[in-house]
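The structure under discussion appears below in the form of structure tokens.
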Amino acid sequence: MSKTIMKENIEKAQVEIEAKESAVKNGRMRQDFHFMPQTGWLNDPNGLVYYKGQYHYFYQFYPYAGFWGSVHWGHAVSSDMLRWKHLPPALAPSEAYDDHYLGGCFSGSAIEYNEKLYLMYTGVTNNGDGLEQCQCIAWSEDGINFEKYEGNPVIAAPEGVPKDFFRDPKVWCHRDTFYMVCGTKKEDKGQALLYKSKDMIHWEYFNVLAESRGEWGYMWECPDFYPLGDKYVLMFSPMGAQERKCVYLVGDFDYRTGKFFYNISGEIDWGLDYYAPQSFLAPDGRRIITGWANGWEWMPHWKDWGPMYREGWSGFFALPREVILLEDNTLSFKPIHELEQLRSDPGTENNLLIGEGKYQVKNTGCSCEIKMLINLEKTTSRKVKLELRENNTRKAVVLFDFQKAEMCFDRTCADGWSTGIARSEINLKNKQYLDIHIFIDRSSIEVFSNNYQNNMTCNVFSDETQTNNYIVPENGELYIEKLETWNIENVLKVMK
Ligand code: DQQ
């Protein structure tokens, strides 16, 4: 019976998608190379996995409007993480434990087991006493059609855990045992709880993997835990930690106690639009993350989700980034090398000395890539402003202040819609060079700097007249050792 309800709800969603997808395809704000839904609303990445020769993206999905609603899991596959083929939704609300209109199939993860693809997600319902969250299982033999386990839920909120703050399971396997980390809170301090299982069905509570003492917010959403080199990394998206929305911690993990000891912390992305990143392993061993390029109303600079709802959709993923462990055990997040396949019309300038006035970057438009290497020792200016998507009246401004060692993304004059300024400090100690790498798409700008350690994703809803990009040094000369530019191919318009 329940199988039938889920199938019917998926078919209903698919009818809606097919009726509206061409309108979204013709939209002015749709992205050229960032993954986005065919129609409707997208938020967190879920169940990212490489399974039977293809990358799978699942995502929080409401097919019926460009706003959040009872969540389904959208689904798409790709062989290169660039060109995506959309599939019917993998999960739809259908059961007493996941069918509330303010709930549904919340975030979770995927893992291959016995050749099947297993999904673990949070079912959210309401039994008359407020929202309740529990962890549930679904699986598939072909990676396309999923069925929910009839014994769901497999984990209910334990004693002392608030029933509406127990979510976002991320599963991995280590030596024949499955482990799962999920987010919760205790006395208004965020926590990551650890569970283990031998068969993905029967789970036992293990320990508090890590927790906030108040410095990392009151709730940890979408925790993710994985080995990297000889270390372990915990990522989570804290609620209530001000500008800190995507924290990473690096340390050591003890499988005997289930405890994580960290001594390094950092921010994955300081932009106004980056949240809930999830990681997965590529077949060549790279640890890759992707996040939702937007945010929630409780965030300090939040205004709204942007005007895309007018075109029948909302939300996209930030570019996939490879996570790299550096010698000092901090992390850098580098856009995957596959993206280089989308480059066209290359332009290169070497040893560029820019003085008074604006330098216009060549070969750029509504979707392009700009890379520069600034020689700080040969630079006399104290600041450089990058004016992006400019058209005489509007522009997004990214300021690098070498004296204050600060980077700042100001989009208040970018598009007549967006507000907000993002800031980050940049460690320039003993640095001869500052590297900057920018990806511009129709509705977003991602800036990577300082060896991909200071990154900002901000949505900017510029129009097609905003095609100029300028480099503007202040009070002195800027020495760019190498400036490279490319246009970027539109790969999503042809996506099924
Ligand atoms: N989004 C999901 C939750 C998660 C939140 C609901 C984070 O599972 O905690 O759509 O963005």
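The analysis underlying the following values was restricted to heavy atoms, covering all of them including side chains, and did not include hydrogens, waters or symmetry mates. In what follows, residues are counted from 1 in the order of the sequence shown. As the structure lists them, so they are numbered: ligands from 1, and atoms in each ligand from 1.
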Subject >> Atoms in ligand 1 flagged as close to Asn43, the criterion being non-hydrogen separation under 4.0 Å >> reply: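 Every atom of ligand 1 under 4.0 Å from some heavy atom of Asn43: 1 (N), 10 (O).
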
**OP:** Give the atoms of ligand 1, by number and element, whose distance to some non-hydrogen atom of Ser107 is under 4.0 Å.
**Re:**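 Result: 2 (C), 8 (O).
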
Please write down residue, atom name and distance for the protein heavy atom closest to [atom].
| atom | result |
| --- | --- |
| atom 9 (O) of ligand 1 | Asp168 OD2, 2.6 Å |
| atom 6 (C) of ligand 1 | Gln60 OE1, 3.2 Å |
| atom 2 (C) of ligand 1 | Asp44 OD2, 3.2 Å |

Indicate the ring-plane relationship of [X] and [Y], choosing parallel, tilted or perpendicular according to the 30° and 60° boundaries.
| X | Y | result |
| --- | --- | --- |
| Phe61 | His72 | perpendicular |
| Phe439 | Phe448 | perpendicular |
| Trp73 | Phe58 | tilted |
| Trp305 | Phe67 | perpendicular |

Subject >> ligand 1 contact on Thr122 by region, counting heavy-atom pairs under 4.0 Å >> reply: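 The answer is neither; Thr122 stays 4.0 Å or more away.
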
**OP:** Return a yes/no value for Trp292: is any of its N or O atoms, backbone included, closer than 3.5 angstrom to an N or O of ligand 1?
**Re:**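 Min N/O separation from ligand 1 is not below 3.5 Å for Trp292.
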
**OP:** Check whether any N or O atom of Tyr275, backbone or side chain, sits under 3.5 Å from an N or O atom of ligand 1, and answer yes or no.
**Re:**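 In this structure, Tyr275 places no N or O atom under 3.5 Å from an N or O of ligand 1.
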
Original post:
Looking at side-chain heavy atoms only, is the closest gap between Ile137 and Lys148 below 4.5 Å?
Top reply: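 Not in contact.
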
Subject >> Stepwise side chain to side chain contact (heavy atoms under 4.5 Å, CB included) test for Ile264 and Tyr248 >> reply: CA-CA 8 Å; Ile264 299 280; Tyr248 76 78; 4.3 Å; yes

